[in-house]
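Report on one structure; see the data block that follows.
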Number of protein chains: 2
Amino acid sequence: MTAVQERSKTRRQRLLDAALEVFTSHGYSDAAIDQIARASDTSKGGLYFHFPSKQALFLALLGEASAALLTDVETAMAAETDPLARGDAALREVLHAFGGHRLLARLLLIDAVGAGKEFAVKLDELHAAFAALIARCLDDAVAQGLIPPQDTRLAAQAWYGAVNHVVLRWLMTGEPRRLEDAYPALRRLLLFGVTGASQEKVR
Amino acid sequence: MTAVQERSKTRRQRLLDAALEVFTSHGYSDAAIDQIARASDTSKGGLYFHFPSKQALFLALLGEASAALLTDVETAMAAETDPLARGDAALREVLHAFGGHRLLARLLLIDAVGAGKEFAVKLDELHAAFAALIARCLDDAVAQGLIPPQDTRLAAQAWYGAVNHVVLRWLMTGEPRRLEDAYPALRRLLLFGVTGASQEKVR
DNA sequence: TCAAACAAACCGACTAGTCGGTCGGATAGT
DNA sequence: ACTATCCGACCGACTAGTCGGTTTGTTTGA
(Lines give C-alpha, C1' and ligand atoms only; values in the text may rest on other atoms or scores of the structure.)
Protein backbone atom coordinates (compact mmCIF):
# COMPACT_ATOMS: atom_id res chain seq x y z
CA MET A 1 0.00 0.00 0.00
CA THR A 2 1.39 3.38 -0.97
CA ALA A 3 1.84 6.16 1.52
CA VAL A 4 -1.05 8.07 0.00
CA GLN A 5 -3.47 5.24 0.33
CA GLU A 6 -2.40 4.65 3.89
CA ARG A 7 -2.83 8.24 4.88
CA SER A 8 -6.19 8.32 3.21
CA LYS A 9 -7.24 5.27 5.15
CA THR A 10 -6.26 6.68 8.51
CA ARG A 11 -7.99 9.93 7.64
CA ARG A 12 -11.15 8.06 6.83
CA GLN A 13 -10.92 6.23 10.12
CA ARG A 14 -10.30 9.44 12.03
CA LEU A 15 -13.41 10.88 10.42
CA LEU A 16 -15.49 7.86 11.33
CA ASP A 17 -14.26 7.96 14.91
CA ALA A 18 -15.09 11.63 15.21
CA ALA A 19 -18.45 11.05 13.56
CA LEU A 20 -19.29 8.34 16.09
CA GLU A 21 -18.41 10.69 18.90
CA VAL A 22 -20.36 13.65 17.60
CA PHE A 23 -23.39 11.77 16.28
CA THR A 24 -23.84 9.89 19.54
CA SER A 25 -23.48 12.96 21.69
CA HIS A 26 -25.83 15.23 19.71
CA GLY A 27 -28.02 12.96 17.59
CA TYR A 28 -27.97 12.84 13.81
CA SER A 29 -29.77 16.09 13.06
CA ASP A 30 -28.05 18.20 15.68
CA ALA A 31 -24.62 16.96 14.77
CA ALA A 32 -22.97 19.50 12.52
CA ILE A 33 -20.59 18.49 9.78
CA ASP A 34 -18.25 21.27 10.87
CA GLN A 35 -18.21 19.80 14.34
CA ILE A 36 -17.20 16.39 13.03
CA ALA A 37 -14.53 17.92 10.83
CA ARG A 38 -13.12 19.82 13.80
CA ALA A 39 -13.30 16.81 16.11
CA SER A 40 -11.44 14.70 13.59
CA ASP A 41 -8.61 17.22 13.31
CA THR A 42 -9.21 17.43 9.60
CA SER A 43 -11.39 19.77 7.59
CA LYS A 44 -14.80 20.01 6.06
CA GLY A 45 -13.39 19.75 2.56
CA GLY A 46 -11.44 16.68 3.56
CA LEU A 47 -14.54 15.12 4.99
CA TYR A 48 -16.43 15.70 1.77
CA PHE A 49 -13.57 14.13 -0.14
CA HIS A 50 -14.12 10.85 1.68
CA PHE A 51 -17.90 10.94 2.05
CA PRO A 52 -20.29 12.47 -0.45
CA SER A 53 -22.82 13.64 2.12
CA LYS A 54 -23.72 13.70 5.78
CA GLN A 55 -26.15 10.88 5.16
CA ALA A 56 -23.48 8.74 3.49
CA LEU A 57 -21.14 9.33 6.40
CA PHE A 58 -23.75 8.21 8.90
CA LEU A 59 -24.64 5.25 6.74
CA ALA A 60 -20.99 4.21 6.50
CA LEU A 61 -20.71 4.48 10.27
CA LEU A 62 -23.81 2.37 10.74
CA GLY A 63 -22.48 -0.18 8.30
CA GLU A 64 -19.12 -0.55 9.99
CA ALA A 65 -20.62 -0.69 13.45
CA SER A 66 -23.25 -3.28 12.67
CA ALA A 67 -20.84 -5.39 10.64
CA ALA A 68 -18.37 -5.42 13.51
CA LEU A 69 -21.07 -6.39 15.98
CA LEU A 70 -22.42 -9.10 13.73
CA THR A 71 -19.06 -10.75 13.11
CA ASP A 72 -18.32 -10.64 16.83
CA VAL A 73 -21.54 -12.42 17.58
CA GLU A 74 -21.14 -14.88 14.74
CA THR A 75 -17.67 -15.93 15.82
CA ALA A 76 -18.87 -16.34 19.38
CA MET A 77 -21.65 -18.56 18.13
CA ALA A 78 -19.38 -20.59 15.91
CA ALA A 79 -17.50 -21.81 18.95
CA GLU A 80 -20.56 -23.76 20.11
CA THR A 81 -22.40 -26.62 18.49
CA ASP A 82 -25.50 -27.10 20.59
CA PRO A 83 -28.23 -24.74 19.31
CA LEU A 84 -29.19 -23.46 22.73
CA ALA A 85 -25.57 -22.98 23.71
CA ARG A 86 -25.15 -20.96 20.53
CA GLY A 87 -28.05 -18.75 21.58
CA ASP A 88 -26.43 -18.35 24.96
CA ALA A 89 -23.17 -17.36 23.37
CA ALA A 90 -24.92 -14.81 21.19
CA LEU A 91 -26.66 -13.26 24.17
CA ARG A 92 -23.47 -13.13 26.18
CA GLU A 93 -21.51 -11.64 23.31
CA VAL A 94 -24.09 -8.94 22.58
CA LEU A 95 -24.16 -7.84 26.20
CA HIS A 96 -20.39 -7.92 26.32
CA ALA A 97 -19.94 -5.97 23.10
CA PHE A 98 -22.43 -3.27 24.00
CA GLY A 99 -21.21 -3.21 27.59
CA GLY A 100 -17.72 -2.45 26.33
CA HIS A 101 -18.72 0.06 23.66
CA ARG A 102 -21.30 2.44 24.98
CA LEU A 103 -21.12 4.66 21.94
CA LEU A 104 -21.73 1.77 19.59
CA ALA A 105 -24.81 0.90 21.60
CA ARG A 106 -26.04 4.47 21.51
CA LEU A 107 -25.49 4.71 17.79
CA LEU A 108 -27.36 1.55 16.91
CA LEU A 109 -30.12 1.65 19.51
CA ILE A 110 -30.88 5.34 19.81
CA ASP A 111 -29.43 7.58 17.16
CA ALA A 112 -30.06 5.32 14.19
CA VAL A 113 -33.71 4.96 15.14
CA GLY A 114 -34.60 8.62 15.13
CA ALA A 115 -32.32 9.64 12.30
CA GLY A 116 -35.03 9.42 9.68
CA LYS A 117 -36.65 7.24 7.09
CA GLU A 118 -33.52 7.13 4.94
CA PHE A 119 -31.91 4.86 7.48
CA ALA A 120 -34.84 2.60 8.16
CA VAL A 121 -33.69 0.21 5.46
CA LYS A 122 -30.21 -0.15 6.89
CA LEU A 123 -31.60 -0.57 10.36
CA ASP A 124 -34.03 -3.14 9.12
CA GLU A 125 -31.16 -5.08 7.59
CA LEU A 126 -29.47 -5.21 10.96
CA HIS A 127 -32.64 -6.31 12.72
CA ALA A 128 -33.27 -8.93 10.08
CA ALA A 129 -29.72 -10.25 10.31
CA PHE A 130 -29.94 -10.62 14.06
CA ALA A 131 -33.41 -12.05 14.01
CA ALA A 132 -32.31 -14.56 11.38
CA LEU A 133 -29.38 -15.59 13.55
CA ILE A 134 -31.64 -16.24 16.50
CA ALA A 135 -34.40 -17.81 14.45
CA ARG A 136 -31.82 -20.19 12.99
CA CYS A 137 -30.81 -21.26 16.49
CA LEU A 138 -34.38 -21.81 17.52
CA ASP A 139 -35.21 -23.74 14.36
CA ASP A 140 -32.24 -26.01 14.99
CA ALA A 141 -33.34 -26.50 18.55
CA VAL A 142 -36.82 -27.41 17.39
CA ALA A 143 -35.41 -29.82 14.82
CA GLN A 144 -33.37 -31.54 17.52
CA GLY A 145 -36.39 -31.75 19.76
CA LEU A 146 -34.82 -29.52 22.43
CA ILE A 147 -37.82 -27.19 22.43
CA PRO A 148 -41.36 -27.63 21.14
CA PRO A 149 -42.41 -26.38 17.69
CA GLN A 150 -43.46 -22.72 17.69
CA ASP A 151 -43.42 -19.44 15.81
CA THR A 152 -39.67 -19.04 15.83
CA ARG A 153 -39.74 -15.80 13.83
CA LEU A 154 -41.84 -14.07 16.44
CA ALA A 155 -39.83 -15.60 19.25
CA ALA A 156 -36.67 -14.26 17.64
CA GLN A 157 -38.23 -10.79 17.40
CA ALA A 158 -39.29 -10.92 21.02
CA TRP A 159 -35.86 -12.02 22.17
CA TYR A 160 -34.24 -9.31 20.18
CA GLY A 161 -36.62 -6.75 21.60
CA ALA A 162 -36.10 -7.87 25.16
CA VAL A 163 -32.33 -7.66 24.91
CA ASN A 164 -32.56 -4.39 23.04
CA HIS A 165 -34.60 -2.81 25.77
CA VAL A 166 -32.41 -4.01 28.59
CA VAL A 167 -29.45 -2.45 26.82
CA LEU A 168 -31.44 0.72 26.26
CA ARG A 169 -32.28 0.84 29.95
CA TRP A 170 -28.63 0.49 30.73
CA LEU A 171 -27.79 3.34 28.38
CA MET A 172 -30.38 5.69 29.79
CA THR A 173 -30.45 4.92 33.49
CA GLY A 174 -27.18 3.10 34.06
CA GLU A 175 -28.89 0.02 35.42
CA PRO A 176 -27.55 -2.56 35.81
CA ARG A 177 -24.13 -1.07 36.51
CA ARG A 178 -22.41 -3.71 34.43
CA LEU A 179 -24.54 -4.69 31.49
CA GLU A 180 -23.28 -8.25 31.59
CA ASP A 181 -24.88 -8.70 35.00
CA ALA A 182 -28.23 -8.92 33.26
CA TYR A 183 -27.19 -12.11 31.55
CA PRO A 184 -28.36 -14.83 33.96
CA ALA A 185 -31.82 -13.43 34.60
CA LEU A 186 -32.30 -12.57 30.96
CA ARG A 187 -31.26 -16.04 29.85
CA ARG A 188 -33.60 -17.68 32.29
CA LEU A 189 -36.45 -15.47 31.20
CA LEU A 190 -35.96 -16.02 27.51
CA LEU A 191 -35.79 -19.75 27.92
CA PHE A 192 -38.46 -20.36 30.53
CA GLY A 193 -40.62 -17.25 30.79
CA VAL A 194 -41.82 -15.90 34.09
CA THR A 195 -43.34 -19.17 35.13
CA GLY A 196 -39.84 -20.56 35.10
CA ALA A 197 -41.06 -24.11 35.02
CA SER A 198 -38.90 -27.05 34.09
CA GLN A 199 -35.65 -25.17 34.35
CA GLU A 200 -33.73 -28.27 35.22
CA LYS A 201 -34.83 -30.14 32.15
CA VAL A 202 -32.68 -28.14 29.74
CA ARG A 203 -29.90 -26.92 31.92
CA MET B 1 -67.18 27.39 29.36
CA THR B 2 -67.20 30.62 27.37
CA ALA B 3 -67.04 30.65 23.61
CA VAL B 4 -63.50 31.93 23.70
CA GLN B 5 -62.26 29.18 25.93
CA GLU B 6 -63.97 26.63 23.77
CA ARG B 7 -62.48 27.95 20.58
CA SER B 8 -59.09 28.06 22.21
CA LYS B 9 -59.47 24.47 23.24
CA THR B 10 -60.41 23.24 19.80
CA ARG B 11 -57.53 25.23 18.32
CA ARG B 12 -55.16 23.59 20.71
CA GLN B 13 -56.49 20.20 19.77
CA ARG B 14 -56.25 20.97 16.08
CA LEU B 15 -52.65 21.93 16.61
CA LEU B 16 -51.91 18.74 18.51
CA ASP B 17 -53.55 16.64 15.80
CA ALA B 18 -51.57 18.34 13.09
CA ALA B 19 -48.41 18.04 15.15
CA LEU B 20 -48.95 14.30 15.52
CA GLU B 21 -49.39 13.99 11.79
CA VAL B 22 -46.35 16.02 10.84
CA PHE B 23 -44.01 14.81 13.56
CA THR B 24 -44.74 11.18 12.78
CA SER B 25 -44.34 11.59 9.06
CA HIS B 26 -41.08 13.57 9.13
CA GLY B 27 -39.49 12.98 12.52
CA TYR B 28 -38.99 15.64 15.16
CA SER B 29 -36.10 17.53 13.60
CA ASP B 30 -37.37 17.49 10.05
CA ALA B 31 -40.86 18.56 11.04
CA ALA B 32 -41.14 22.29 10.47
CA ILE B 33 -43.29 24.49 12.65
CA ASP B 34 -44.63 26.17 9.54
CA GLN B 35 -45.74 22.80 8.28
CA ILE B 36 -47.64 22.06 11.46
CA ALA B 37 -49.24 25.48 11.41
CA ARG B 38 -50.35 24.94 7.82
CA ALA B 39 -51.59 21.41 8.47
CA SER B 40 -53.65 22.61 11.41
CA ASP B 41 -55.36 25.30 9.35
CA THR B 42 -54.14 27.91 11.79
CA SER B 43 -50.99 29.99 11.79
CA LYS B 44 -47.51 30.05 13.17
CA GLY B 45 -48.35 32.92 15.48
CA GLY B 46 -51.39 31.06 16.73
CA LEU B 47 -49.32 28.01 17.40
CA TYR B 48 -46.87 30.03 19.43
CA PHE B 49 -49.74 31.46 21.40
CA HIS B 50 -50.66 27.98 22.63
CA PHE B 51 -47.20 26.47 22.89
CA PRO B 52 -44.08 28.37 23.86
CA SER B 53 -41.72 26.34 21.70
CA LYS B 54 -41.42 23.42 19.33
CA GLN B 55 -40.04 21.36 22.16
CA ALA B 56 -42.99 22.17 24.40
CA LEU B 57 -45.41 21.23 21.65
CA PHE B 58 -43.75 17.88 21.16
CA LEU B 59 -43.62 17.33 24.89
CA ALA B 60 -47.31 18.12 25.24
CA LEU B 61 -48.06 15.68 22.45
CA LEU B 62 -45.98 13.01 24.13
CA GLY B 63 -47.72 13.67 27.42
CA GLU B 64 -51.22 13.41 26.02
CA ALA B 65 -50.41 10.32 24.00
CA SER B 66 -48.75 8.43 26.79
CA ALA B 67 -51.39 9.43 29.33
CA ALA B 68 -54.13 8.19 27.02
CA LEU B 69 -52.37 4.91 26.47
CA LEU B 70 -51.68 4.43 30.14
CA THR B 71 -55.25 5.03 31.25
CA ASP B 72 -56.48 2.67 28.53
CA VAL B 73 -54.21 -0.05 29.80
CA GLU B 74 -54.99 0.65 33.43
CA THR B 75 -58.74 0.42 32.93
CA ALA B 76 -58.31 -2.80 30.99
CA MET B 77 -56.28 -4.19 33.86
CA ALA B 78 -58.75 -3.04 36.47
CA ALA B 79 -61.38 -5.34 35.00
CA GLU B 80 -59.37 -8.39 36.09
CA THR B 81 -58.40 -9.58 39.53
CA ASP B 82 -56.00 -12.43 38.92
CA PRO B 83 -52.48 -11.01 38.51
CA LEU B 84 -51.66 -13.03 35.43
CA ALA B 85 -55.02 -12.22 33.85
CA ARG B 86 -54.21 -8.55 34.49
CA GLY B 87 -50.95 -8.98 32.65
CA ASP B 88 -52.83 -10.62 29.83
CA ALA B 89 -55.28 -7.76 29.68
CA ALA B 90 -52.45 -5.25 29.58
CA LEU B 91 -50.76 -7.03 26.73
CA ARG B 92 -53.99 -7.32 24.78
CA GLU B 93 -54.85 -3.69 25.35
CA VAL B 94 -51.45 -2.42 24.29
CA LEU B 95 -51.55 -4.40 21.06
CA HIS B 96 -55.09 -3.24 20.48
CA ALA B 97 -54.34 0.41 21.17
CA PHE B 98 -51.25 0.55 18.99
CA GLY B 99 -52.91 -1.58 16.35
CA GLY B 100 -55.69 0.97 16.10
CA HIS B 101 -53.49 4.06 16.27
CA ARG B 102 -50.49 3.67 14.04
CA LEU B 103 -49.42 7.27 14.48
CA LEU B 104 -49.48 7.00 18.24
CA ALA B 105 -47.25 3.96 17.98
CA ARG B 106 -44.87 5.78 15.65
CA LEU B 107 -44.73 8.78 17.93
CA LEU B 108 -43.95 6.86 21.09
CA LEU B 109 -41.75 4.12 19.69
CA ILE B 110 -39.83 5.86 16.94
CA ASP B 111 -39.97 9.62 16.91
CA ALA B 112 -39.70 10.15 20.64
CA VAL B 113 -36.59 8.01 20.83
CA GLY B 114 -34.49 9.92 18.34
CA ALA B 115 -35.81 13.35 19.15
CA GLY B 116 -32.97 14.20 21.48
CA LYS B 117 -31.81 14.22 25.06
CA GLU B 118 -34.45 16.75 26.10
CA PHE B 119 -37.10 14.10 25.78
CA ALA B 120 -35.26 11.25 27.40
CA VAL B 121 -36.75 12.15 30.77
CA LYS B 122 -40.33 12.09 29.54
CA LEU B 123 -39.72 8.87 27.69
CA ASP B 124 -38.15 7.40 30.76
CA GLU B 125 -41.25 8.29 32.76
CA LEU B 126 -43.38 6.36 30.31
CA HIS B 127 -41.08 3.38 30.38
CA ALA B 128 -40.99 3.47 34.15
CA ALA B 129 -44.77 3.71 34.41
CA PHE B 130 -45.28 0.71 32.16
CA ALA B 131 -42.54 -1.29 33.76
CA ALA B 132 -44.01 -0.53 37.17
CA LEU B 133 -47.41 -1.72 36.01
CA ILE B 134 -45.99 -5.00 34.81
CA ALA B 135 -43.65 -5.42 37.75
CA ARG B 136 -46.62 -4.94 40.06
CA CYS B 137 -48.46 -7.74 38.30
CA LEU B 138 -45.49 -10.03 38.54
CA ASP B 139 -44.91 -9.22 42.20
CA ASP B 140 -48.53 -10.03 42.98
CA ALA B 141 -48.22 -13.27 41.06
CA VAL B 142 -45.12 -14.16 43.03
CA ALA B 143 -46.85 -13.30 46.30
CA GLN B 144 -49.74 -15.58 45.40
CA GLY B 145 -47.37 -18.37 44.48
CA LEU B 146 -48.44 -18.40 40.84
CA ILE B 147 -44.88 -18.00 39.61
CA PRO B 148 -41.55 -18.54 41.34
CA PRO B 149 -39.63 -15.65 42.94
CA GLN B 150 -37.40 -13.81 40.47
CA ASP B 151 -36.04 -10.45 39.37
CA THR B 152 -39.39 -8.95 38.50
CA ARG B 153 -37.91 -5.57 37.54
CA LEU B 154 -35.78 -7.08 34.85
CA ALA B 155 -38.58 -9.37 33.74
CA ALA B 156 -40.81 -6.34 33.38
CA GLN B 157 -38.16 -4.60 31.29
CA ALA B 158 -37.75 -7.62 29.08
CA TRP B 159 -41.51 -7.97 28.57
CA TYR B 160 -41.80 -4.35 27.72
CA GLY B 161 -38.91 -4.62 25.29
CA ALA B 162 -40.31 -7.68 23.61
CA VAL B 163 -43.71 -6.12 23.06
CA ASN B 164 -42.11 -2.88 21.99
CA HIS B 165 -40.10 -4.57 19.32
CA VAL B 166 -42.96 -6.60 17.95
CA VAL B 167 -44.91 -3.39 17.55
CA LEU B 168 -41.90 -1.74 15.94
CA ARG B 169 -41.63 -4.60 13.51
CA TRP B 170 -45.27 -4.16 12.68
CA LEU B 171 -44.72 -0.46 12.08
CA MET B 172 -41.73 -0.93 9.83
CA THR B 173 -42.52 -4.08 7.89
CA GLY B 174 -46.24 -4.48 8.34
CA GLU B 175 -45.92 -7.90 9.90
CA PRO B 176 -48.11 -9.30 11.29
CA ARG B 177 -50.86 -7.71 9.20
CA ARG B 178 -53.05 -7.23 12.24
CA LEU B 179 -50.96 -6.41 15.28
CA GLU B 180 -53.34 -8.22 17.58
CA ASP B 181 -52.54 -11.48 15.83
CA ALA B 182 -49.24 -11.51 17.66
CA TYR B 183 -51.01 -11.84 20.98
CA PRO B 184 -51.22 -15.62 21.48
CA ALA B 185 -47.65 -16.40 20.55
CA LEU B 186 -46.35 -13.42 22.49
CA ARG B 187 -48.31 -14.36 25.57
CA ARG B 188 -47.07 -17.92 25.47
CA LEU B 189 -43.51 -16.75 25.02
CA LEU B 190 -43.58 -14.26 27.86
CA LEU B 191 -45.07 -16.78 30.24
CA PHE B 192 -43.18 -19.91 29.32
CA GLY B 193 -40.18 -18.95 27.21
CA VAL B 194 -39.09 -20.91 24.19
CA THR B 195 -38.96 -24.16 26.12
CA GLY B 196 -42.68 -23.77 26.56
CA ALA B 197 -42.87 -26.43 29.21
CA SER B 198 -45.79 -26.78 31.62
CA GLN B 199 -48.13 -24.59 29.63
CA GLU B 200 -51.15 -26.37 30.95
CA LYS B 201 -50.24 -25.80 34.56
CA VAL B 202 -51.07 -22.14 34.54
CA ARG B 203 -53.64 -21.86 31.84
C1' DT C 1 19.43 11.84 -9.91
C1' DC C 2 16.28 15.13 -10.00
C1' DA C 3 13.09 18.25 -11.82
C1' DA C 4 8.98 18.77 -13.87
C1' DA C 5 4.47 17.21 -14.63
C1' DC C 6 0.71 14.96 -12.83
C1' DA C 7 -2.76 13.30 -9.64
C1' DA C 8 -4.74 12.45 -5.22
C1' DA C 9 -5.79 14.37 -0.95
C1' DC C 10 -6.82 18.24 1.62
C1' DC C 11 -8.31 22.91 3.14
C1' DG C 12 -11.69 26.64 4.70
C1' DA C 13 -14.16 30.81 3.17
C1' DC C 14 -18.33 31.24 1.02
C1' DT C 15 -23.14 30.34 -0.81
C1' DA C 16 -27.78 29.55 -0.61
C1' DG C 17 -31.35 28.02 1.80
C1' DT C 18 -33.88 26.60 6.01
C1' DC C 19 -36.28 27.24 10.20
C1' DG C 20 -37.36 28.42 15.14
C1' DG C 21 -39.01 32.18 17.14
C1' DT C 22 -40.70 37.40 17.32
C1' DC C 23 -43.62 41.25 16.84
C1' DG C 24 -46.78 44.75 15.42
C1' DG C 25 -51.09 44.76 14.18
C1' DA C 26 -55.88 42.65 13.19
C1' DT C 27 -60.09 40.42 14.95
C1' DA C 28 -63.49 38.42 17.82
C1' DG C 29 -65.68 37.74 22.27
C1' DT C 30 -67.27 40.04 26.68
C1' DA D 1 -63.41 49.74 25.61
C1' DC D 2 -60.86 46.00 26.84
C1' DT D 3 -58.77 41.55 26.52
C1' DA D 4 -57.76 37.06 24.74
C1' DT D 5 -56.77 35.11 20.60
C1' DC D 6 -54.92 34.91 16.16
C1' DC D 7 -52.17 36.15 12.00
C1' DG D 8 -48.02 36.06 8.80
C1' DA D 9 -44.10 38.94 7.27
C1' DC D 10 -39.80 39.22 9.06
C1' DC D 11 -35.27 38.36 11.57
C1' DG D 12 -31.14 36.15 12.92
C1' DA D 13 -28.74 32.06 13.63
C1' DC D 14 -27.29 28.03 11.73
C1' DT D 15 -25.53 24.57 8.42
C1' DA D 16 -25.07 21.16 4.28
C1' DG D 17 -22.61 21.34 0.53
C1' DT D 18 -19.34 23.89 -3.09
C1' DC D 19 -15.25 25.49 -5.11
C1' DG D 20 -10.91 27.59 -6.17
C1' DG D 21 -6.73 26.93 -4.57
C1' DT D 22 -2.84 24.49 -1.77
C1' DT D 23 -0.18 20.65 -0.26
C1' DT D 24 1.62 16.06 -0.59
C1' DG D 25 3.01 12.05 -2.89
C1' DT D 26 4.02 9.57 -7.34
C1' DT D 27 5.56 9.00 -11.95
C1' DT D 28 8.12 10.20 -15.97
C1' DG D 29 11.97 11.22 -18.86
C1' DA D 30 16.18 13.22 -19.84
Side-chain angles (χ1 to χ4, degrees), chain A residues 1-62 111-112 114-119, chain B residues 1-62 111-112 114-119:
Chain A
M1 189 187 287
T2 69
V4 170
Q5 285 171 321
E6 209 169 292
R7 189 158 72 109
S8 169
K9 199 166 182 182
T10 64
R11 279 287 164 129
R12 195 188 138 90
Q13 195 53 54
R14 280 232 304 275
L15 284 163
L16 285 172
D17 291 345
L20 177 62
E21 199 81 34
V22 175
F23 278 136
T24 53
S25 68
H26 294 0
Y28 177 73
S29 302
D30 289 346
I33 288 285
D34 292 277
Q35 230 174 335
I36 296 174
R38 213 175 324 121
S40 67
D41 254 320
T42 65
S43 67
K44 198 170 187 171
L47 189 154
Y48 274 94
F49 177 79
H50 288 283
F51 303 95
S53 66
K54 184 183 184 182
Q55 182 175 330
L57 170 60
F58 191 70
L59 231 36
L61 195 57
L62 270 191
D111 300 301
K117 287 191 169 65
E118 309 87 84
F119 308 102
Chain B
M1 188 187 291
T2 70
V4 171
Q5 285 172 321
E6 207 168 294
R7 189 158 70 110
S8 170
K9 199 165 182 182
T10 64
R11 280 285 164 132
R12 195 188 137 91
Q13 195 54 53
R14 282 231 304 277
L15 286 164
L16 284 173
D17 291 346
L20 177 62
E21 199 81 34
V22 176
F23 277 136
T24 52
S25 68
H26 293 8
Y28 177 74
S29 302
D30 288 347
I33 287 286
D34 293 275
Q35 232 174 333
I36 296 173
R38 213 174 325 121
S40 67
D41 254 321
T42 65
S43 67
K44 198 170 184 171
L47 188 154
Y48 273 94
F49 177 79
H50 289 283
F51 302 95
S53 66
K54 183 183 185 181
Q55 182 174 329
L57 171 59
F58 190 71
L59 231 37
L61 194 56
L62 270 191
D111 301 301
K117 286 190 169 68
E118 309 88 84
F119 307 102

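Below, each value reflects all heavy atoms present in this structure, side chains not excepted, and no hydrogens, waters or symmetry copies. Reminder, nothing fancy here: chain letters follow the sequence lines and each chain counts from 1. Bear in mind the structure is a predicted one, so any value in this text is a computation, not a measurement.
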(message) From CD1 of A/I33 over to P of C/dG17, roughly how many Å is that when rounded to an integer?
(response) 19 Å

(message) The side chain of A/K44 is closest to which nucleotide in this list: D/dT5, D/dC7, D/dG17?
(response) D/dG17

(message) Show the nearest heavy-atom pair for residues B/A31 and B/V22, with the distance to one decimal.
(response) CB-CG1, 3.7 Å

(request) Kindly point out which of C/dG21, D/dG17, C/dC19 is positioned nearest to the side chain of B/Y48? (result) C/dG21

(message) Quick check: closest heavy atoms across A/L61 and A/A19, and the distance to 0.1 Å?
(response) CD2-C, 3.9 Å

(message) Without decimals, in angstroms, what is the distance between A/Q55 CD and D/dT15 C1'?
(response) 16 Å

(request) Calculate the interatomic distance between B/D34 atom CG and C/dT22 atom P; express it in whole Å. (result) 14 Å

(message) Taking the minimum atom-to-atom distance to the side chain of A/S43, which one of D/dA16, C/dC11, C/dA8 wins?
(response) C/dC11

(request) May I have the distance from A/I36 (atom CD1) to D/dA16 (atom P), rounded to whole angstrom? (result) 8 Å

(message) How many whole angstroms separate atom CD of B/E118 from atom C1' of C/dG20?
(response) 14 Å

(message) Checking contacts here: which listed nucleotide (D/dT15, D/dC7, C/dA9) is nearest the side-chain heavy atoms of A/A32?
(response) D/dT15

(message) Output the rounded distance in Å from CZ (B/R14) to C1' (D/dT5).
(response) 13 Å

(request) Could you tell me whether a side-chain N or O of B/K117 sits under 3.5 Å from a main-chain N or O of A/G27, the two making a donor and an acceptor? (result) no

(request) Identify whether NZ of Lys or CZ of Arg in A/K54 sits under 6.0 Å from the centre of the six-membered ring of A/F23 and within 45° of that ring's axis. (result) no

(request) Nearest whole angstrom, please: distance from the P of D/dA4 to the NE2 of B/H50. (result) 13 Å

(request) Could you tell me which non-hydrogen atom of A/A37 sits nearest to which non-hydrogen atom of A/L47, and how far apart they are? (result) N-CD1, 4.3 Å

(request) May I ask you to say what A/A56 touches in the nucleic acid, namely base, sugar-phosphate or nothing, with a heavy-atom cut-off under 4.0 Å? (result) nothing

(request) Under 4.0 Å between any heavy atoms, over every strand shown, what does B/K54 touch: base, sugar-phosphate, or nothing? Just pick one. (result) sugar-phosphate

(message) Please report the distance, rounded to the nearest Å, between NE2 in B/H26 and P in C/dG20.
(response) 12 Å

(request) From the options C/dG20, D/dC6, D/dG17, select the nucleotide whose nearest atom is closest to the side chain of B/R11. (result) D/dC6

